[in-house]
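Here the structure is a predicted model, which is why all the values come from computation and not from measurement.
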Amino acid sequence: MSRPEFDRYSASYEELLKDPMRDRFGGETSAFFPQRKRDLIRAYFRDRRISTQSMSYLDLGCGKGELASLLRDDFGRVAGCDPSTGMLDAAQGIETRVQQDLRSIPFGDAEFDFVTAVCVYHHVVPAARQALTREVGRVLTPGGVFAIIEHNPYNPATRLIVSRTPVDADAVLLKQHETKELLRAGGFFPVASRYFLYFPEFLYRRTGDAVEAWFGGLPLGGQYAVFATKNR
């Protein structure tokens, strides 16, 4: 998707994401989805006993800043970039910059300890994905962490929702093993991965993450996350 297309969608982005299946899964509001990603990120660092309070965090393709805002108090610095000025206008309480070129990140070398790309790569043409991954490596500190979170193409409900969502008209979904290969080729070492979004919100709230984590290796969740460290 080009930068003008992102701007065209920004004013009605939430409406364009609406889908009966997605809405039933996520409950009455869309907050469930960024909250699940926030919890996955917190669990990654907590399980490794890593304090994030002094770390700098960049959300690549941050959109309206929902995830970055949820993690604002977890990191010493939180920033986001996105191709759409219209989307960034809605981002509150975080540092933002416009990403003029989808393959170039508007920050300096080794500025961040942690970078996320949430449902970004399926909008990037396959031929340009390696260049973007190298760009992430450029803005990360040595040993920094990069998390890619993507739709799971093995999940039939996910494929159906993506196929009828206007903002995903250009989507080319990545399988988890393809994401890991992309990271390795870009100078990263994958250290953790799991599938998630197995259960709708009402059921997840009753069972908690422990049950979903038990299923985390099965390629059936609606999305997956891969955490990788930048090679020193």
Side-chain angles (χ1 to χ4, degrees), residues 1-23 25-26 30 33-34 36-37 58-68 80-91 96-106 115-137 139 146-183 185-186 188 195-197 219 221-226 228:
M1 186 182 295
S2 66
R3 186 165 168 251
E5 285 176 301
F6 278 109
D7 274 329
R8 189 174 74 246
Y9 287 137
S10 62
S12 56
Y13 189 73
E14 284 79 9
E15 286 300 315
L16 291 171
L17 285 180
K18 284 186 175 297
D19 182 276
M21 187 177 296
R22 183 181 187 275
D23 295 344
F25 194 93
S30 60
F33 298 106
R36 288 291 289 113
K37 296 168 178 64
L58 171 67
D59 188 19
L60 174 66
C62 68
K64 295 187 176 183
E66 294 95 334
L67 178 60
C81 61
D82 196 273
S84 170
T85 55
M87 298 288 275
L88 292 177
D89 285 344
T96 59
R97 295 185 188 178
V98 178
Q99 189 178 356
Q100 300 284 355
D101 184 338
L102 297 183
R103 292 167 294 183
S104 178
I105 299 173
V115 175
T116 55
V118 178
C119 296
V120 168
Y121 272 78
H122 67 250
H123 288 299
V124 180
V125 294
R129 289 171 179 170
Q130 196 61 74
L132 179 60
T133 306
R134 287 194 295 268
E135 266 292 278
V136 173
V139 303
F146 181 27
I148 294 179
I149 299 176
E150 274 294 336
H151 295 315
N152 175 22
Y154 288 124
N155 184 297
T158 293
R159 290 202 311 272
L160 177 61
I161 292 169
V162 168
S163 71
R164 59 192 188 191
T165 301
V167 297
D168 285 329
D170 68 333
V172 180
L173 301 184
L174 302 82
K175 299 180 177 69
Q176 189 187 106
H177 74 86
E178 293 174 319
T179 296
K180 289 180 178 179
E181 290 169 3
L182 184 67
L183 286 163
F188 290 90
Y195 294 91
F196 67 106
L197 292 178
Q223 294 183 342
Y224 64 84
V226 179

Results of side chain to side chain contact (heavy atoms under 4.5 Å, CB included) for E178 - residues two or more places apart only: L174, K175

Which residues pass the side chain to side chain contact (heavy atoms under 4.5 Å, CB included) test with Q223, not counting sequence neighbours? K37, C119, I149, H151, F196, L197

Which of L132, L173, V172 passes side-chain contact (heavy atoms from CB on, under 4.5 Å) with Y121? It is L132

Decide yes or no for C81 and L60: does some side-chain heavy atom of the first lie under 4.5 Å from some side-chain heavy atom of the second? yes

With A128, which residues qualify under side chain to side chain contact (heavy atoms under 4.5 Å, CB included), at least two apart? R103, V124, V125

Do you know which two heavy atoms are closest between G61 and Q99, and how far apart they sit? N-OE1, 4.5 Å

Which pair of heavy atoms, one from A171 and one from V162, lies closest together, and at what distance? CB-CG1, 3.9 Å

Contacts of R159 that satisfy salt bridge (Lys or Arg N to Asp or Glu O under 4.0 Å) - sequence neighbours left out: none

Using salt bridge (Lys or Arg N to Asp or Glu O under 4.0 Å) as the criterion, list what pairs up with R36, not counting sequence neighbours. D209, E212

For G63 and D82, which heavy atoms make the closest approach, and how far apart are they? N-OD2, 2.8 Å

F188: what forms a ring-ring contact (aromatic ring centres under 6.0 Å, His included) with it, not counting sequence neighbours? F146

Just verifying a value: how many Å separate T179 OG1 and I148 CD1, rounded to the nearest 0.5 Å? 5.5 Å

By salt bridge (Lys or Arg N to Asp or Glu O under 4.0 Å) - contacts of E150 (at least two apart): none

Would you please test V115 and I105 for side-chain contact (heavy atoms from CB on, under 4.5 Å) and show each step? CA-CA 11 Å; V115 175; I105 299 173; 5.8 Å; no

Among all residues two or more places apart in sequence or in another chain, which pass the side-chain hydrogen bond (donor to acceptor under 3.5 Å, both in side chains) test with T116? Y57, D59

Does N152 have any side chain to side chain contact (heavy atoms under 4.5 Å, CB included) partners at least two apart in sequence or in another chain, and if so, which? Y154, N155, Y195, Y224

Who pairs with Q176 by side-chain hydrogen bond (donor to acceptor under 3.5 Å, both in side chains), at least two apart in sequence or on another chain? K180, S193

What heavy-atom pair brings R97 and P106 nearest, and what distance separates the two atoms? NH1-O, 2.7 Å

What are the two closest non-hydrogen atoms of C62 and E66, and how far apart are they? O-OE1, 4.1 Å

